[in-house]
Amino acid sequence: MFIMDMGGHDANVQILAEQFPHARVVRYYDNHLDTIKRCISRCRTPYCWIISSCCDYTDFDFKYRAVPWEADQLHCWHSGYEKFGDTFLINVKEFELQKDIPVLEWYKEVNWHYPGVPRLSWPVLTTQIEDVTTELKNYKFDAPYVWINQSIDFHPPLWNKRAFYSFNDAGSISIAPRDIQAHLVSQIYDYPYIIKQKQAYLTPTLLDIIYISNGEPEAERWYEHLIKSCGREVKRVMNVDGRAAAYKTAAELSTTPWFLTVFAKLEVVENFDWTWQPDWLQEPKHYIFNSRNPVNGLEYGHMGVIAYNRRLVLETDDWGLDFTLSRAHAVVPRVSAIAHYNTTPELTWRTAFREVIKLKDDVVKTGSVEGTYRLDTWLTVADGDHAEFSLLGAADAVDYYNKVDGNYTELMRSFEWAWLKDYYAKRYSV
């Protein structure tokens, strides 16, 4: 008898070694086939048992003997309900004839035994942050697999290339193989063997919804609309001085790793998916949903719902003209809301001014074709209430950008509510 010690179950190895004093403990390397070959090379009997440290043999019948017409077969017992199990009764002579096969799955005549042997549980890595990649990079593997956040009734095959399995859309409940560490650079997708399981009973935790307002005329109207739309608790941040401070206040309120941020100008669309989840298998980032501009018809991320990564928000102390774009981010190409920014002349002007400052800076620095199109649209297209102030805000932004010659310090003034209010008052208040 040989005991394949896969790591992580030292107590079980000790129990088996005491139960079978004649057994040899063999360190497990890479895959079942190579480890079995090493065991067979040391075997001195016609048959041998090869068992695994990850299995519970409390009720297993080691008195089993193959009937004559199954004597040459490789006998394999399921591990749990996993067919490619970890318990073998082997005809040594027959195995020697087939030992040059490239993978164990190619063995001729395998006798699969079910029910088999229960597997012991793998360790669980409860992530303190949502950056699964970094957690796994730093994790000390003692066993072939580790669960991420929660263990479930699932038994991955161990024979050959071990996959990473995720069990919900977010990937926040997963099981990761030791093999993954050699591949990780920036995200779980660096690993070539990923399988996304569909387990309907694994529902992820819904993201917090946080509403941010700062004196917008229709803030209460759209707040009530949001509550009816999502049908659950909405947390609120009100009248915090400064955009960054408001975002950080929202992050401190959040109890989930990401939180859906809705701004006070937004009429959330009826079919918005409040169960949406970020992808934990990517590097942590913010997710920006599109919104529809009712004044100029543009549809892109400006003023849309944003799923902010809580940790990134709290750690961001140096930001550019756009707080969200200052850290890793991705666009979710779904319209989340209609952005009713044209409710007063000042609010209309302020929104256009801020956005066009960012667009102008992007076009100057990158020559973006898409950015150029959006900039031209802001400068030339407007319809509806206070449409003229949307055009004035856009034109004033370009004028200001040119006056300060794109000076970054001067452009950053547009990030704060108070400066914008004062700049508008100097130009348009009677």
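Residue numbers count from 1 along this sequence. All of these numbers come straight from a predicted model, not from anything done at the bench.
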### Message
Please identify which of these residues, W77, F84, Y107, meets the ring-ring contact (aromatic ring centres under 6.0 Å, His included) condition with W112.
### Response
F84

### Message
Would R236 and Y223 count as a cation-pi pair here, with the cationic atom under 6.0 angstrom from the ring centre and within 45° of the axis?
### Response
yes

### Query
Judged by modelled atom types alone, do S172 and N168 share a side-chain donor-acceptor pair under 3.5 Å?
yes

### Query
Under 30°, 30 to 60°, or over 60°: which ring-plane class applies to Y145 and Y165, parallel, tilted or perpendicular?
tilted

### Query
Does a donor on one side chain sit under 3.5 Å from an acceptor on the other, for S53 and Y28?
no

### Summary
Heavy-atom nearest pair, A143 first then G8, reads CB-CA, 4.1 Å

### Query
H113 vs H75 aromatic rings, parallel, tilted or perpendicular, using cut-offs 30° and 60°?
tilted

### Message
Could you check whether F289 and W276 have their ring centres less than 6.0 Å apart?
### Response
yes

### Task
Kindly assign one of parallel, tilted or perpendicular to the pair Y191 and H183, based on the angle between their ring planes and the thresholds 30° and 60°.
perpendicular

### Message
Keeping T344 on the side-chain end and L347 on the backbone end, is there a donor-acceptor pair under 3.5 Å?
### Response
yes

### Query
Is the closest side-chain heavy-atom distance between E283 and T133 below 4.5 Å?
no

### Query
What do the steps show when you test S229 against W274 for side-chain hydrogen bond (donor to acceptor under 3.5 Å, both in side chains), and what is the final call?
CA-CA 9 Å; S229 172; W274 296 107; 3.3 Å; yes

#### Entry: salt_bridge(D179, R162) N-O dist < 4.0 Å
yes

#### Entry: Main-chain N/O of A250 paired to S254 side chain as donor or acceptor, under 3.5 Å
no

### Flag for D399-N402: side-chain donor and acceptor within less than 3.5 Å
no

### Message
Do the side chains of R243 and E416 get close enough for a salt bridge, i.e. N-O under 4.0 angstrom?
### Response
no

### Task
Show your reasoning for whether ring-ring contact (aromatic ring centres under 6.0 Å, His included) applies to H155 and W122.
CA-CA 10 Å; H155 306 286; W122 304 115; 8.9 Å; no

### Task
Decide yes or no on side-chain hydrogen bond (donor to acceptor under 3.5 Å, both in side chains) for Y189 and D279, but give the supporting numbers first.
CA-CA 11 Å; Y189 293 112; D279 188 351; 2.5 Å; yes

### Task
Can you label the angle between the Y308 ring and the H286 ring as parallel, tilted or perpendicular, going by 30° and 60°?
perpendicular

### Query
Angle class for the F62/Y57 ring planes (parallel below 30°, perpendicular above 60°, tilted otherwise)?
tilted

### Message
Could you check whether K365 pairs with D361 (Lys NZ or Arg NE/NH1/NH2 to Asp/Glu carboxylate O, under 4.0 Å)?
### Response
yes

### Task
To the nearest 0.5 angstrom, please state how far the CD atom of Q19 sits from the CD1 atom of I15.
9.0 Å

### Message
Quick test of your reading of the model: are R310 and D208 salt-bridged, counting only N-O distances below 4.0 Å?
### Response
no

### Query
Atom CE of M6 and atom CZ of R27: how far apart are they, to the nearest 0.5 Å?
13.5 Å

### Non-hydrogen atoms of A337 and V268 that approach each other most closely
CB-CA, 3.8 Å

### Message
Donor-acceptor check, side chain of S213 to backbone of M238, threshold 3.5 angstrom: yes or no?
### Response
no

### Message
Assess the residue pair R413 and E410 against the criterion (salt bridge (Lys or Arg N to Asp or Glu O under 4.0 Å)); give the C-alpha distance rounded to whole Å, side-chain angles, the decisive distance to 0.1 Å, and a yes or no.
### Response
CA-CA 6 Å; R413 294 177 184 272; E410 296 298 324; 2.9 Å; yes

### Message
Test your reading of the model: is there a side-chain donor-acceptor pair from S52 to the backbone of C54, 3.5 Å cut-off?
### Response
no

### Message
Quick check for you: to the nearest 0.5 Å, what is the distance between H329 atom NE2 and F323 atom CZ?
### Response
13.0 Å

### Query
Looking at R427 and D396, does any basic side-chain N land under 4.0 Å from a carboxylate oxygen?
yes

### Task
Determine whether Y400 and V404 make a side-chain contact, defined as any pair of heavy atoms from C-beta on separated by less than 4.5 Å.
yes

### Query
Is a salt bridge present between R292 and E299, judged by a nitrogen-to-oxygen distance below 4.0 Å?
yes

### Message
If we ignore hydrogens and angles and just use 3.5 Å, is the side chain of K360 paired with the main-chain N or O of Y401 as donor and acceptor?
### Response
no

### Message
Whether the side chain of E216 engages the backbone of N214 through a donor-acceptor N/O pair (distance < 3.5 Å, no angle test) should be reported.
### Response
yes

### Query
Do the non-hydrogen side-chain atoms of L321 and M412 ever get within less than 4.5 Å of each other?
yes

#### Entry: Aromatic ring pairing W419/Y423, orientation class (parallel under 30°, perpendicular over 60°, tilted between)
parallel

### Query
Should the ring pair Y114 and H78 be called parallel, tilted or perpendicular, given that the plane angle runs from 0 to 90° and is split at 30 and 60?
perpendicular

### Message
Would R311 and E315 count as a salt bridge (Lys or Arg N to Asp or Glu O under 4.0 Å) here? Give the steps.
### Response
CA-CA 6 Å; R311 181 173 60 86; E315 291 179 355; 3.4 Å; yes

### Message
Taking the basic N atoms (NZ, or NE/NH1/NH2) and the acidic carboxylate oxygens, is any pair closer than 4.0 Å for E105 and K161?
### Response
no

### Task
Give a yes or no on whether a salt bridge exists between K358 and D362, defined as a side-chain N under 4.0 angstrom from a carboxylate O.
no

### Query
Are any of the side-chain nitrogens in E370 or R374 under 4.0 Å away from the carboxylate oxygens of its partner?
yes

### Query
From S186 OG over to Q282 CD, what is the distance, rounded to the nearest 0.5 angstrom?
9.5 Å

### Query
Is the backbone of H386 close enough, under 3.5 Å, to the side chain of N342 for a donor and an acceptor to pair up by distance?
no

#### Entry: Ring geometry between F167 and W147 (parallel below 30°, tilted from 30 to 60°, perpendicular above 60°)
tilted

### Message
Between the side chains of D317 and K248, is the shortest nitrogen-to-carboxylate-oxygen separation below 4.0 Å, so that they form an ion pair?
### Response
yes

### Task
For the residue pair H32 and D86, confirm or rule out a side-chain donor-acceptor distance under 3.5 Å.
yes

#### Entry: Under 3.5 Å donor-acceptor, R327 side chain and N309 backbone
no

### Task
Measure up the F353 and W349 rings against each other and bin them: parallel (under 30°), tilted (30 to 60°), perpendicular (over 60°).
parallel

### Query
Hey, is the main chain of Q187 close enough, under 3.5 Å, to the side chain of D190 for a donor-acceptor pair?
yes

### Pair T126, N149: side-chain N/O donor-acceptor within cut-off below 3.5 Å
no

### Query
Around atom CG of D241, are there more than 12 heavy atoms of other residues, nucleotides or ligands at under 6.0 Å?
no

